[in-house]
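Protein chains get the first letters and strands the later ones, always in sequence-line order, with residue 1 at the start of each.
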There are 2 protein chains.
Amino acid sequence: MALEHAILVSLLEKPGSGYELARRFERSIGYFWTATHQQIYRVLKRMEADGRLDVREVPQQGRPDKKEYSVAALGRTALSQWLHEPIEPESVRHDLAVKIRGAAFDDPAALIREVERHHRAHTDRLAHYLAGELRDFTGAGAPATPDAGRELQHVVLRGGIAYERMTLAWLDDVLATLHRIRSER
Amino acid sequence: MALEHAILVSLLEKPGSGYELARRFERSIGYFWTATHQQIYRVLKRMEADGRLDVREVPQQGRPDKKEYSVAALGRTALSQWLHEPIEPESVRHDLAVKIRGAAFDDPAALIREVERHHRAHTDRLAHYLAGELRDFTGAGAPATPDAGRELQHVVLRGGIAYERMTLAWLDDVLATLHRIRSER
DNA sequence: CTTGTATATGAAACGAGTTGCATAGCAGGA
DNA sequence: TCCTGCTATGCAACTCGTTTCATATACAAG
């Protein structure tokens, strides 16, 4: 269960509430992990009960109070232990690939619209990643000599960028194949 | 729930038993979807109860009898319906990326061995995909004018190949970054 | 003063996926 | 004869993830 560890890493980078974590999971952490607020609240509660996190009630003005979580000593050792365990190279799960192979038994033309929709979504995501890279790592406001943490964040983001570029090229390939099949009928 | 649909596609391509499906999910279908035999047997039973699959007891010699499943009319319409529904572009989940960002709070040297292990695993997977491509699509035994089904299988496999190549390039980037960080300490 | 939006947290139910265990036929080798 | 290994199917328990619903504060727009 890496959600627990993703939360530990995120809270080590900066303590925060469940709500804030949920938003990070839509942004930077979301480059490589997704989670809904329900999942996050549930896990936070459990981790706090297990003594891996500390909580602090933070009164706020102009908005509801929040609970700020930070990593306890037990959490740090749990993360460290996990970091030293080998993990399996992840296996893929692409709904779209199932659909593509399924198109052999259906109308390929319907799939073209779907693939184009995915193409647009990945184009948007790539633009979003590139904007983030410019803002945080390669732009004018970024530090000239980044520390190890920022270097590591950057290389993960570069992975997301590479993934989106690869995906877009592949979707072009898929579209060309679908058009070829359609014209051959 | 795309496992159901992945099974429908696979059984349309060729009917087979739960055991055979489990092995396809380790091979060609495994390029883009994974499932264990327990999952498969459970879903097969449910789909048969729902009338989406037909079963046929096949006596065998030299080995235990098997149940051969094939797609019923209800299964075909269920697949067709799903193919026409839009799906969300999949979001990524990379345990390794969590580890990489976590390395900022731990020993980066330990991560280098892990990343090298993943690099080897992806190298093997790429070689496996390329061998499959040569055997089924680009080699001497492959048909010169493939039908739509084979074209689609091929473009999915090309996606797997592109993914592995991208991943290997990224892992090289990660390793270079980790070495740079280590030498700077 | 109602409606909409953003912040903030949570329960409950369900569906999907993993892990461990159990059973059984049949073949080949020590 | 026993052990190993491949084929073949399945149950049970558990964890993880998704969906739906519910609650509450606060501010801004109409």
Side-chain angles (χ1 to χ4, degrees), chain A residues 1-8 15-27 29-30 32-50 53 55-69 82 85 87-88 90-95 98, chain B residues 1-8 15-27 29-30 32-50 53 55-69 78 82 85 87-95 98:
Chain A
M1 213 257 298
L3 173 57
E4 217 172 290
H5 305 111
I7 287 176
L8 284 171
S17 68
Y19 189 82
E20 283 160 359
L21 278 172
R23 296 215 299 179
R24 287 185 213 172
F25 275 83
E26 287 166 8
R27 287 177 45 75
I29 315 283
F32 56 87
W33 203 269
T34 55
T36 60
H37 79 270
Q38 292 87 346
Q39 251 180 296
I40 291 166
Y41 282 122
R42 193 205 285 159
V43 173
L44 282 175
K45 188 159 259 193
R46 193 185 63 215
M47 290 172 78
E48 197 250 314
D50 294 348
L53 297 181
V55 206
R56 197 167 62 94
E57 280 273 348
V58 178
Q60 299 188 113
Q61 38 188 330
R63 54 180 67 177
D65 298 350
K66 67 174 181 179
K67 296 183 186 176
E68 194 184 74
Y69 289 90
W82 178 73
E85 282 168 16
I87 50 171
E88 283 301 301
E90 54 279 312
S91 32
V92 201
R93 288 214 167 166
H94 284 306
D95 293 60
V98 179
Chain B
M1 215 258 299
L3 173 55
E4 216 172 290
H5 305 111
I7 286 176
L8 285 171
S17 68
Y19 189 82
E20 283 160 0
L21 278 172
R23 296 213 301 180
R24 288 185 212 171
F25 275 82
E26 287 166 6
R27 287 177 46 75
I29 316 283
F32 55 87
W33 202 271
T34 55
T36 60
H37 79 269
Q38 292 88 346
Q39 252 181 294
I40 291 166
Y41 282 122
R42 192 205 285 157
V43 173
L44 282 176
K45 186 159 261 192
R46 192 184 63 216
M47 291 172 77
E48 197 252 313
D50 294 349
L53 296 182
V55 207
R56 195 168 63 93
E57 280 274 347
V58 177
Q60 299 190 114
Q61 37 187 334
R63 52 180 68 177
D65 298 352
K66 66 174 181 180
K67 297 182 184 174
E68 196 185 73
Y69 290 90
W82 177 73
E85 284 168 14
I87 50 172
E88 282 303 300
E90 53 279 314
S91 33
V92 201
R93 288 213 167 167
H94 285 306
D95 294 61
V98 179

To the nearest angstrom, how far is [X] atom [atom1] from [N] atom [atom2]?
X	N	atom1	atom2	result
A/Ile40	C/dA11	CD1	P	15 Å
A/Tyr69	C/dG10	OH	C1'	10 Å
A/Gln39	C/dA13	CD	P	19 Å
A/Lys67	C/dT9	NZ	P	7 Å
A/Glu57	C/dA8	CD	P	12 Å
A/Lys66	C/dA6	NZ	C1'	15 Å
A/Arg23	C/dT9	CZ	P	11 Å
A/Arg56	C/dT9	CZ	P	13 Å

Touch class at under 4.0 angstrom, heavy-atom based, for A/Gln61 against every strand present: nothing
DNA chain D: 5'-most and 3'-most nucleotides touching chain A, 4.0 angstrom heavy-atom criterion: D/dC16 to D/dC27
Side-chain N,O (A/Tyr19) to OP1/OP2 (C/dT7) below 4.0 Å: yes
Below 4.0 Å: OP1/OP2 of C/dG17 and any side-chain N or O of B/Arg42: no
Side-chain contact, heavy-atom cut-off 4.5 Å: [X] with [Y]?
X	Y	answer
A/Trp82	B/Val98	yes
B/Ile87	B/Glu85	no
A/Phe25	A/Ile7	yes
A/Leu8	A/Met47	yes
A/Trp33	B/Asp95	yes
A/Lys67	A/Glu57	yes

Comparing B/Arg93 and B/Lys45 on DNA chain D - which has the more 5′ nearest nucleotide: B/Lys45
Position toward the 5' end of DNA chain D (nearest nucleotide), A/Glu4 or A/Gln60: A/Glu4
Nearest-nucleotide pick for B/Gln38, side chain only, options being C/dC21, C/dA13, C/dT9: C/dC21
Nearest to side-chain heavy atoms of B/Arg46, which nucleotide of C/dA8, C/dT7, C/dA16: C/dA16
Salt bridge (Lys or Arg N to Asp or Glu O under 4.0 Å) involving B/Lys66 - partner list, sequence neighbours excluded: B/Glu20
First encountered from the 5' end of DNA chain C, between A/Glu20 and B/His37: A/Glu20
